[in-house]
Amino acid sequence: MNALSRRRFLKITGTTVGAAAAGGAALKASQILTQPRSGSKGIQKIPTYCDICFWKCGAIAYLKDGRLWKVEGNPEDPLSRGRLCPRGTGGVGAHYDPDRLKAPLLRMTKRGNEEWVEVTWDQAFDYIADRMQKIKKKYGPESVALFSHGIGGNFFKHTLKAFGTPNIAAPSFAQCRGPRDAGFRLTFGEDVSSPERTDIKNAECLVLIGSHLGENMHNSQVQEFAQAVENGATIIVVDPRFSIAASKAKYYLPIKPGTDLALILAWMNVIVKEGLYDQEYVQKYGFGFEQFATSITEYTPEWAYPETGIQPEIIRKTAREMARYKPATLVHPGRHVTWYGDDTQRSRAIALLNALLGSWGRKGGFYYPVGMDVPSYPYPAYPKTVKEKVDNPAKKYPFAHEAITTGIREATITEQPYPIKGWFVYATNLIQALPNEQETIKAIQNLDLMVVIDVIPSEIAGWADVVLPESVYLERYDDLNVEWFREPFVALRQPAVESPNDQKPNWWMAKKLAEKLGLGQYYPWNDIEEYFDVRLKSAGLSLSELKKKGIIKGAQQPIYFDEGIPADFSTPSGKIEFYSVQLAKAGFDPVPKYKRPAGGPPGYFRLLFGRAPVHSFGRTQSNRILSDMMDENEIWVNKKAATRLGVKSGDYVRLKNQDGVVSNKIKVKATERIRPDCVYMVHGFGHTSKMLKHAYMKGASDSQLITRYETDPLMGGTGMNVNFVTIVWEEA
Amino acid sequence: MARYGMVIDTTKCVGCMDCVVACKTENGTPEGFNRDWINYVVSGEFPTLNMEIRSERCNHCDNPPCVDSCPTGASHVHDVGKVVLVDDKLCIGCKACIAACPYDARYIHPEGYADKCTFCIHRVEQGLDPACVSVCPTRCMYFGDLDDPNSQVSKLLNSRKNHTLIPDAGTKPRVYYLT
């Protein structure tokens, strides 16, 4: 192994660069020239699929005289149905972003100082491979972990599994949808999965509990939501904030934050007591209904009223409305549901409410997604790992069915059950994605190797030893998207333009690194097209057709019980578990029970956060097209509360949380659209990475204020809506 | 001859700004400027609220004050569809049109001329919808000939409650909002 010390690197490269390395002058998108495709004139259309979020919508990239012009939806694609969301439409801004990472960077000084030298790819891989081998020798291969987000992480996962580590996690589980999937698994034996199997377009009654569709811009969901509205579906929205969805609702329930479970239990109480549930369905498919019914008798609407602030007659009225449209009543399970630490039980209550309404497996409820049979590549078997995964020792969280990011972080700090000495971070900004950034920074101090692979220099990149610049999705191939959705299909991401600098696709990096590690046998193909070809041929499909169309569909298949899907439930009883024996055995409530959430200090507001339709997490704030739509976030404060505090819309303030952490300055939005006991902001702003010039210090970061979190005892999810803030005036 | 107009269903619109983004990429609108925008009109007191979400732009008025106020003839009514356009070569950037427009639909392009929504006439002439209409994920926007009683826009206006913006200004706007 060609071992290079960092000192030698400095000698070799000579070019030392500061924070500007990844930035460059502030050019306008229109001023940046990229390589036109050889001699091309006129309009070219290249089908691909989007990566501005993880939804993977089919898209068509348009080139005008060889330059990337615009991106539109691929009409053949079931996810986009020919229409992208605003972020996807603004995808060209990712290609032209002057703040992009441009060359591999190696850390020069202290971690987090953002001082780098540019190195060659070969030097970068030598450095990484050398450190990995040293960690392997001293601690074992399990001591290298990967944090990943989205389909782009597939090849790095492959390389790290080949290296011998089982420690691979994504924030999408313990910081997002994990509790929902655990709650639904415990009830129906299956996840809600992604894209969600929610039959929104056919719902006659749609219940959204904190789900802000229309602001949360998961394309297919929003398109179907608009269809449901057009069809005249009864929309019931439960949210402390008058969301976009609330403005479409027949019933808007302005719930006290943290009390959703009380409302759901009261709804079920009414539906059971009044005999409004789908009795045939429950009898046929249900397990433990009697015990369930007994255990919710105490949760009357009158009981729920002081908890939730929702009038008993409204609880009854909305419960009856849901029952009226059953089974085409969809109580949406949400997506980002790590709120209060009892999230699996709340999600399970949502699953049970759907079970009462008979909506699982039924039209207008939850369908059974279908997928195409495209076999995996026939790689050699991965080496057997000696040690168990590090994130969930002794199955502390018995119902975690995926790895827990924060568990890996904790092990990195405590070195228990064994040390973690290397982190790979692919396309996820852990500083903003994980709660309590101080713990993340503390863990990083224990590492011998920290590698970040990304398209933009996010905060986590600032903490890396080596930063690897990735091509944006419009410039690269990625793994095949063999989607599970309403109809089976396989989609291809393929390059429409070349990368403007020395960026590389993830598959190329993962393969090169494997070769440096002596794991070349895990990449028997030379080029990714060979990989596609093998997989597609084994499914009887053609790569040339896929390249031309971007998508190949399979035959339509049944998706509802009524169409012939067998009503099998992969639960211990083989039925829908109204009462859960496995929960009781593990020492948890077999039927969800309500526990009042802890309040904040007097005079503090609960801090809530969510999404804006024009941004994906903290990944798009330097995209000049999308930043033109929204370049900073605002703090939503109830108008009367704002008046009482003497602040008005447009004022800049700072937020101070219960632990004394003070945010960057943020603009006030004094509005009627929120309760007076909480404030709300869009996640992903307040960037502190100096390399992310355009987004630097614009707006405030909710993550920075999330110093506390409540861990879900069932699956290790981190409930983050448990922080409280006051407003601190910004000096003019 | 056609008289183009737009009908936008505010009950379906989620205000996601896809129309704004699409306009920007389609027309290469410079950084810092947009030809269309979203207006969220909230009324009432928490929690009894109403919100109308509107995608707004030049109204391509039948009685366009921008055209009347233009000293050079740059602002004009186009032959095709009676769309209101600006000829950037004739425009001297005097801003008379900006002062005259009650909808604040125009801005001065960094290159010195008044710029605004064209109803994507370059697309319409190819038989396509304007970019904003074609991308809308909620399919809440409709474009067509207001003088053709069989067009979708005419049918929607005949069957649904609707309004225009600042009708009192007497401009006779051609962007309609279904409520």
Side-chain angles (χ1 to χ4, degrees), chain A residues 28-30 62 64 68-73 80-93 213-215 217 219-220 222-223 225-227 229-230 240-248 252-254 309 612-614 624-630 638-640 671-676, chain B residues 9-38 40-55 109-111 120 123 126 128-129 131-142 156 160 178-179:
Chain A
K28 282 187 178 151
S30 55
Y62 282 69
K64 197 190 267 175
L68 183 64
W69 170 29
K70 63 177 179 180
V71 192
E72 292 183 351
S80 73
R81 299 195 284 184
R83 298 185 178 218
L84 298 175
C85 84
R87 299 164 303 166
T89 303
V92 286
L213 292 182
E215 290 160 280
M217 210 57 211
N219 194 354
S220 329
V222 176
Q223 293 198 24
F225 175 59
Q227 269 179 287
V229 169
E230 185 169 37
R241 188 177 63 95
F242 188 79
S243 59
I244 293 289
S247 75
K248 315 290 181 196
Y252 166 53
L253 279 53
V614 290
R624 301 301 196 263
I625 292 171
L626 297 179
S627 74
D628 238 14
M629 304 299 126
M630 178 184 187
N638 174 275
K639 220 170 213 171
K640 288 181 193 71
T671 175
E672 289 293 341
R673 291 176 57 195
I674 191 165
R675 284 175 64 97
Chain B
D9 187 346
T10 64
T11 67
K12 280 163 74 183
C13 177
V14 295
C16 73
M17 302 179 87
D18 208 356
C19 45
V20 186
V21 180
C23 174
K24 199 173 191 70
T25 56
E26 176 71 29
N27 297 299
T29 316
E31 210 176 308
F33 301 96
N34 289 304
R35 291 177 175 184
D36 53 350
W37 59 93
I38 302 288
Y40 306 86
V41 186
V42 182
S43 56
E45 266 185 50
F46 187 86
T48 313
L49 295 166
N50 263 306
M51 182 160 65
E52 183 172 288
I53 308 169
R54 293 197 302 252
S55 171
H109 191 280
E111 287 170 22
C120 279
R123 288 175 58 94
Q126 291 172 43
L128 301 167
D129 273 331
C132 53
V133 176
S134 76
V135 299
C136 177
T138 69
R139 291 169 164 81
C140 77
M141 303 174 72
Y142 307 87
L156 283 165
R160 295 271 305 268
L178 304 178
T179 55

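Per chain, numbering begins at 1; letters A, B, ... match sequence-line order.
- With a 4.5 Å cut-off on side-chain heavy atoms, M51(B) and I244(A) count as touching.
- Considering all non-hydrogen atoms of both residues, T25(B) and W69(A) come closest at O-NE1, 3.1 Å.
- Contact detail for R675(A) and F46(B): the closest heavy-atom pair is CG-CZ, 3.4 Å.
- Comparing C85(A), G73(A), G90(A) by how many heavy-atom pairs each has under 4.5 Å with chain B, the most go to C85(A).
- Of the inter-residue distances, the one linking F242(A) atom CZ with N50(B) atom CG reads 6.5 Å to the nearest 0.5 angstrom.
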Determine whether V222(A) and V14(B) satisfy the following criterion, side-chain contact (heavy atoms from CB on, under 4.5 Å), listing intermediate values before the conclusion. CA-CA 9 Å; V222(A) 176; V14(B) 295; 4.1 Å; yes

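- Only the backbone of T10(B) comes within contact range of chain A, with at least one heavy atom under 4.5 Å from a heavy atom of that chain.
- There is no contact between R87(A) and chain B, counting heavy-atom distances below 4.5 Å.
- With hydrogens and angles disregarded, no donor-acceptor distance shorter than 3.5 Å links the side chain of K12(B) to the backbone of Q227(A).
- Side-chain atoms of I53(B) and K248(A), non-hydrogen and from C-beta on, do get closer than 4.5 Å to each other.
- Chain B forms the most heavy-atom pairs under 4.5 Å with one residue out of Q223(A), K70(A), E215(A), and that residue is Q223(A).
- Looking at every heavy atom in both residues, V21(B) comes nearest to I625(A) through CG1-CG2, 3.7 Å.
- Residue K639(A): no heavy atom, backbone or side chain, is found under 4.5 Å from chain B.
- Here the closest heavy-atom approach between residue P613(A) and residue G15(B) is recorded as CG-O, 4.3 Å.
- Looking at Y40(B), the atoms closer than 4.5 Å to chain A (heavy atoms on both sides) all sit in the side chain, from C-beta outward.
- With E672(A) contributing its side chain and E45(B) its backbone, the two residues share no donor-acceptor pair below 3.5 Å.
- Looking at heavy atoms from C-beta onward, P86(A) lies out of side-chain contact with V20(B) at the 4.5 angstrom threshold.
- Looking only at heavy-atom pairs under 4.5 Å with chain A, the residue among K24(B), E52(B), R139(B) that has the most is R139(B).
- Ranked by heavy-atom pairs shorter than 4.5 Å toward chain A, the options G28(B), A131(B), C19(B), C13(B) are led by C13(B).
- Using a 4.5 Å cut-off between heavy atoms, E72(A) touches chain B through its side chain atoms alone.
- In this structure, the portion of N219(A) lying under 4.5 Å from any heavy atom of chain B is its side chain and not its backbone.
- To the nearest 0.5 Å, atoms OG1 (T89(A)) and CE (M17(B)) are separated by 12.5 Å.
- Neither the backbone nor the side chain of C140(B) comes within less than 4.5 Å of any heavy atom in chain A.
- The shortest heavy-atom contact between P47(B) and P254(A) is CB-CG, 3.5 Å.
- For the residue pair T138(B) and A226(A), the shortest heavy atom distance occurs at CB-CB, 3.5 Å.
- When each of T11(B), T48(B), V42(B) is scored by its heavy-atom pairs under 4.5 Å with chain A, the top score falls to T11(B).
- Contacts between M629(A) and chain B at a heavy-atom distance below 4.5 Å involve backbone atoms as well as side-chain atoms.
- Heavy-atom distances place both the backbone and the side chain of E26(B) under 4.5 Å from chain A.
- The part of I674(A) that comes within reach of chain B is its backbone (N, CA, C, O), which places non-hydrogen atoms under 4.5 angstrom from that chain.
- Between R83(A) atom CZ and D18(B) atom CG the span is 9.5 Å, to the nearest 0.5 Å.
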